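A quick write-up on the structure given underneath.
Computed over heavy atoms, backbone and side chain alike; hydrogens, waters and symmetry mates excluded. Naming: A, B, ... by sequence-line order, numbering from 1 per chain. Computed from a predicted structure; not experimentally measured.
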Protein chains: 2
Amino acid sequence: MQNPGNFVREQVTTVRETVDRVAGSVAETVADAPSVSAVSSSVGDFIREQRSAARVSLRELARSAGVSNPYLSQVERGLRKPSAEILASIARGLKISAESLYEQAGILDRRSGNPDTVAAIRSDDALSERHKAVLLELYETYVREHRASAPAAG
Amino acid sequence: MQNPGNFVREQVTTVRETVDRVAGSVAETVADAPSVSAVSSSVGDFIREQRSAARVSLRELARSAGVSNPYLSQVERGLRKPSAEILASIARGLKISAESLYEQAGILDRRSGNPDTVAAIRSDDALSERHKAVLLELYETYVREHRASAPAAG
DNA sequence: CCCGGGTGCTAGCAGTTGCAAGCGGAGGAG
DNA sequence: CTCCTCCGCTTGCAACTGCTAGCACCCGGG
């Protein structure tokens with residue numbers, strides 16, 4: 001049995017080529033997904049920014065987030081890399097979405113297109129995971145093409 | 001200009017057939033697995049279901065995900081709680097979205113029921129009308145296929 | 001029989017997370 | 001001045017993650 005990853009990738013490639021041929025001018029650029037490894041200390045900076053923007057002390061955020069204040073301190077200064085659970089708790093304490101923190105932490109990709117569409121596809125129960133992957137790949141290709149041909153003002 | 005509806009339908013049909021041909025056996029096995037429809041409470045179960053649905057050995061997934069095979073084994077059996085980084089790696093190895101895994105892990109809230117993917121695509125500024133139509137057709141084809149293979153899911 | 005390679009699982013170890021306890025400093029009440 | 005509370009930070013430790021090495025089992029070939 002082949003590697004399923006390659007399998008899906010092949011499917012997507014085939015889809016893209018087919019659509020490309022019949023539908024017109026699809027740019028060839030198919031950038032691979034950005035690596036997870038870019039876990040930066042920017043999470044800590046982000047948290048601290050959000051916290052001071054909300055005028056909340058470290059201890060208070062720690063309390064409302066349900067983590068210890070020393071640990072939150074270390075997280076904010078980049079000395080510790082919090083687990084996703086802690087991250088989610090902190091997000092709750094800050095009343096921001098966990099996705100934002102995950103993106104900052106580099107464990108969730110920021111998709112290039114309209115986040116609503118991406119989220120809609122990803123959370124659609126009527127699609128298999130592999131079909132989601134195909135649709136998202138195709139969607140991103142379209143978005144890239146659209147940007148290239150009609151760079152709409154932001 | 002031709003009738004855009006027919007144009008799109010033709011293209012999508014071609015796409016659909018191509019994907020079907022390439023995916024073929026895999027689509028069958030994936031659809032055969034209860035994993036996609038069944039909501040398991042633990043990440044490990046979900047991972048194992050996805051893995052066996054893709055007919056991949058534990059060691060192979062471990063290799064493609066970049067984690068050790070004993071650890072993946074323990075994660076699948078719920079003996080270890082993987083960090084978000086590992087979770088993201090496994091998601092990449094499985095070629096599924098990290099969000100799905102995070103939801104399974106309970107570190108991301110499950111999105112509300114069944115979001116209106118169609119509406120999201122229709123209202124997406126980053127897509128041309130024709131691309132919207134292609135995506136919508138492909139989407140509906142996938143939904144139909146999913147319904148046929150995993151009807152109602154209990 | 002005895003290898004070599006495949007599957008998944010167990011044991012034990014370094015490195016890390018995340019916490020409780022405690023530090024010095026700033027500010028207000030007596 | 002002393003006492004108290006709050007601030008953020010440092011220390012030291014239990015618990016955990018995630019790894020390497022190795023186990024038992026199964027299969028096909030010499």
Between P of D/dT20 and CZ of B/Arg63, the distance in whole Å: 13 Å
5′-ward residue of the pair B/Val67/A/Val56 relative to DNA chain D: A/Val56
Basic-acidic side-chain contact under 4.0 Å: B/Arg51, B/Glu60: no
Minimum-distance nucleotide to A/Ser73 side chain [options: C/dG18, D/dC9, D/dT17]: D/dC9
Euclidean distance, atom CZ of residue A/Arg55 to atom P of D/dG8 [Å, nearest integer]: 13 Å
Side-chain H-bond candidate by donor/acceptor type, A/Ser52 with A/Arg48, under 3.5 Å: no
Donor-acceptor pair (no angle test) under 3.5 Å: B/Asn69 side chain, C/dC9 base: yes
Touch class at under 4.0 angstrom, heavy-atom based, for A/Ser57 against every strand present: sugar-phosphate
Proximity to the side chain of A/Pro70 - top-ranked nucleotide from C/dG18, C/dA20, D/dC7: C/dA20
Selected nucleotide, minimal atom distance to B/Leu58 side chain, candidates C/dA20, D/dG18, C/dC9: C/dC9
Separation of atom CD1 in B/Ile86 from atom P in C/dT16, rounded to whole Å: 14 Å
Between P of C/dG8 and CD1 of B/Ile47, the distance in whole Å: 14 Å
Any A/Arg80 side-chain N or O less than 4.0 Å from OP1/OP2 of D/dT10: no
B/Arg59 (side chain) and C/dG8 (base): donor-acceptor pair under 3.5 Å: yes
Phosphate-side-chain proximity, A/Ser83 and D/dT17, N/O vs OP1/OP2 below 4.0 Å: no
B/Arg77 vs C/dT10: side-chain N/O to OP1/OP2 distance below 4.0 Å: yes
Sidechain N-carboxylate O distance under 4.0 Å for A/Glu129, A/Lys132: yes
Minimum-distance nucleotide (side-chain atoms of A/Lys81 versus D/dG18, D/dT17, C/dT17): C/dT17
Rounded distance (Å) that lies between atom C1' of C/dT17 and atom CG of A/Leu72: 14 Å
Within-4.5 Å side-chain heavy-atom neighbours: B/Tyr139 and A/Ile121: no
Short side-chain N/O contact to C/dC9 OP1/OP2 from B/Arg48, under 4.0 Å: yes
Nearest-angstrom distance from the residue atom CD of A/Gln74 to P of C/dG18: 11 Å
Whole angstrom value for the distance that separates P of D/dA15 from CD of A/Glu85: 17 Å
Sugar-phosphate only, base, or nothing, as touched by B/Val75 at under 4.0 Å among non-hydrogen atoms: nothing
Residues A/His146, B/Leu127; criterion side chain to side chain contact (heavy atoms under 4.5 Å, CB included); working and verdict: CA-CA 6 Å; A/His146 185 79; B/Leu127 292 173; 5.9 Å; no
Spacing of B/Ile47 atom CD1 and B/Ile90 atom CD1 [to the nearest 0.5 Å]: 4.0 Å
Rounded distance in Å - OH (B/Tyr71) to C1' (C/dA11): 16 Å
Sugar-phosphate, base or nothing in reach of A/Arg51, heavy atoms under 4.0 Å: sugar-phosphate
